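Notes for the one structure printed next.
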There are 2 protein chains.
Amino acid sequence: MSLPHAILTALLEKPSSGLELTRRFDRSIGYFWSATHQQIYRELGKLEGEGLIRALPAEQPARGQKKVYEVLEAGREELARWTAASQDPKPQRDALLLRLRAAAVVGTEGLERDLRRHRELHARQLEMYREIERRDFPPGKGGAEDRLRHLVLRAGIDLETFWTQWLDHAVAEVAGMPEGQGRQE
Amino acid sequence: MSLPHAILTALLEKPSSGLELTRRFDRSIGYFWSATHQQIYRELGKLEGEGLIRALPAEQPARGQKKVYEVLEAGREELARWTAASQDPKPQRDALLLRLRAAAVVGTEGLERDLRRHRELHARQLEMYREIERRDFPPGKGGAEDRLRHLVLRAGIDLETFWTQWLDHAVAEVAGMPEGQGRQE
DNA sequence: CACGCCATGTAAAGGGTTACATGATTAC
DNA sequence: GTAATCATGTAACCCTTTACATGGCGTG
């Protein structure tokens, strides 16, 4: 139930076309709310139909022509309402933790390689976040908007830091285990 | 694509009926892979059709009668295959981070209350994990299975610790902000 | 003019969520 | 015996994912 609000936020930050939104979802906003271009186009159509956004007037609104959207006042109000509303946290789903739990039953064979790979992926993401922090949030601070965005980025940095460290422990644990944890036939 | 493997893991740990599985998904395994009873019943039917599990013979397998499932050898092999297979991490989705990003555009009014609420929910979950740790993983350690399960629990503890701390920062940040961050009409 | 890319879309399949339905067992 | 609870299941809807389709634009 949050994709439309992610799009409204992105469009308020800067009016964009569907493909431009898709690219931005591959970067900043997508780091905590990913979406494919099919989702985005469908949702743009819905939002326009509901009168929350509108397409800026273009010369020839034909297929294959760029369409740039902006947020209408009703859209801004809906986003403010949603932001302030009470929401329960979604139950977590983490396949890697599930795999470790499964490995406790069927054995850890073949698992270490993928744990190391995940560790590197998280380390790379962490480095990317740190670069963004250096670039966009230098010590001399900005306004309230920047402080909030920096807070969100800090969450990303701390989470990736946690995962790289935890995966280090996991690799060490799994590497030190005897083969044949799984039941032998 | 992981619900069947979550169920296989749970059934290997202990053969169970659909409702017993549902209860256990509300506790241990559900902490990182939640599922409702509808999902579980549907998936049990599929797994039985694929020959990965079987219902233990009962007196009268009628509607409303308890049906206990156990994992067959093919099921154990499938779980071992899945556990060892390389898998990409799923892109994250976090509505709370998205809301903070939205608040940077439309203002933080009404947000602090829910931030505090989330902080308490995470603090409570953290306390529950710590209790489980005291109960199930006392300092004198167990075997390899227990070390893996403890590792998974540590991930939960560290993640909840992170969230409570981060939400403390977030509340402090938001509480110190002037009203009317959103555009004034 | 052919090829690759930009940009917008359609279709189908699958998984998750919510609401509802139904038989069996237990407690009063 | 009837109400609550246990236990299993159906159905509809929504969201996400994946694959494919279509038209326009720029370049050699």
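No experiment lies behind these values; they were computed from the predicted model shown. Below, chains carry the letters A, B, ... as their sequence lines are ordered, and counting in each starts from 1. Reckoned from all heavy atoms, side chains included, excluding hydrogens, waters and symmetry mates.
Looking at Arg101(B) and Trp33(A), their side chains never come closer than 4.5 Å, going by heavy atoms from C-beta outward.
Considering only the side chain of Lys46(A), dC15(D) comes nearest among dC20(C), dC15(D), dG16(C). In this structure, of dT16(D), dG9(D), dT8(C), it is dG9(D) that holds the atom nearest to the side chain of Lys67(B). Minimum atom distance to the side chain of Arg93(B) is reached by dT16(D), of the listed dC20(D), dT16(D), dT8(D). Side-chain atoms of His37(B) lie closest to dC20(C) of the nucleotides dA7(C), dC20(C), dT17(D). Among dA11(C), dT18(C), dT8(D), the nucleotide with an atom closest to any side-chain atom of Gln38(B) is dT18(C).
The distance between atom CG of Leu19(B) and atom P of dG23(C), rounded to the nearest whole Å, is 18 Å. Note: CG (Leu47(A)) to C1' (dC15(D)) measures 15 Å, nearest angstrom. Rounded to an integer number of Å, the gap from CD of Glu43(A) to P of dT16(D) is 8 Å. Whole-Å rounding puts the Lys66(B) NZ to dT5(D) P distance at 18 Å. Between Gln39(B) atom CD and dG14(C) atom C1' there is a gap of 12 Å when expressed in whole angstrom units. Whole-Å rounding puts the Ile7(A) CD1 to dC15(D) P distance at 12 Å.
Side-chain nitrogen and oxygen atoms of Tyr41(A) include at least one within less than 4.0 Å of the OP1 or OP2 phosphate oxygen of dT8(C). Note on Thr36(A): every side-chain N or O is 4.0 Å or more away from OP1 and OP2 of dT18(D).
Using a cutoff of 4.0 Å between basic side-chain nitrogens and carboxylate oxygens, Glu13(A) and Arg149(A) are scored as salt-bridged. Taking 4.0 Å as the cut-off between side-chain N and carboxylate O, Glu77(A) and Arg81(A) do not count as a salt-bridged pair. A salt bridge is absent between Asp26(A) and Arg23(A): the closest approach of a Lys/Arg side-chain nitrogen to an acidic carboxylate oxygen does not fall below 4.0 angstrom.
For residues 120-131 of chain A, the set of pairs meeting the salt bridge (Lys or Arg N to Asp or Glu O under 4.0 Å) definition, not counting sequence neighbours, comprises Glu127(A)-Arg134(A).
Taking every heavy atom of residues 20-34 of chain A and every atom of DNA chain D, no pair lies under 4.0 Å.
Residue-environment remark: CD (Gln92(B)) stays at or below the threshold of 12 foreign heavy atoms within 6.0 Å.
Under the 3.5 Å distance criterion, the side-chain polar atoms of Arg24(A) are matched with a main-chain donor or acceptor of Lys14(A).
Positionally, the nearest nucleotide of DNA chain D for Arg42(B) lies more toward the 5' end than for the other of Leu3(A) and Arg42(B).
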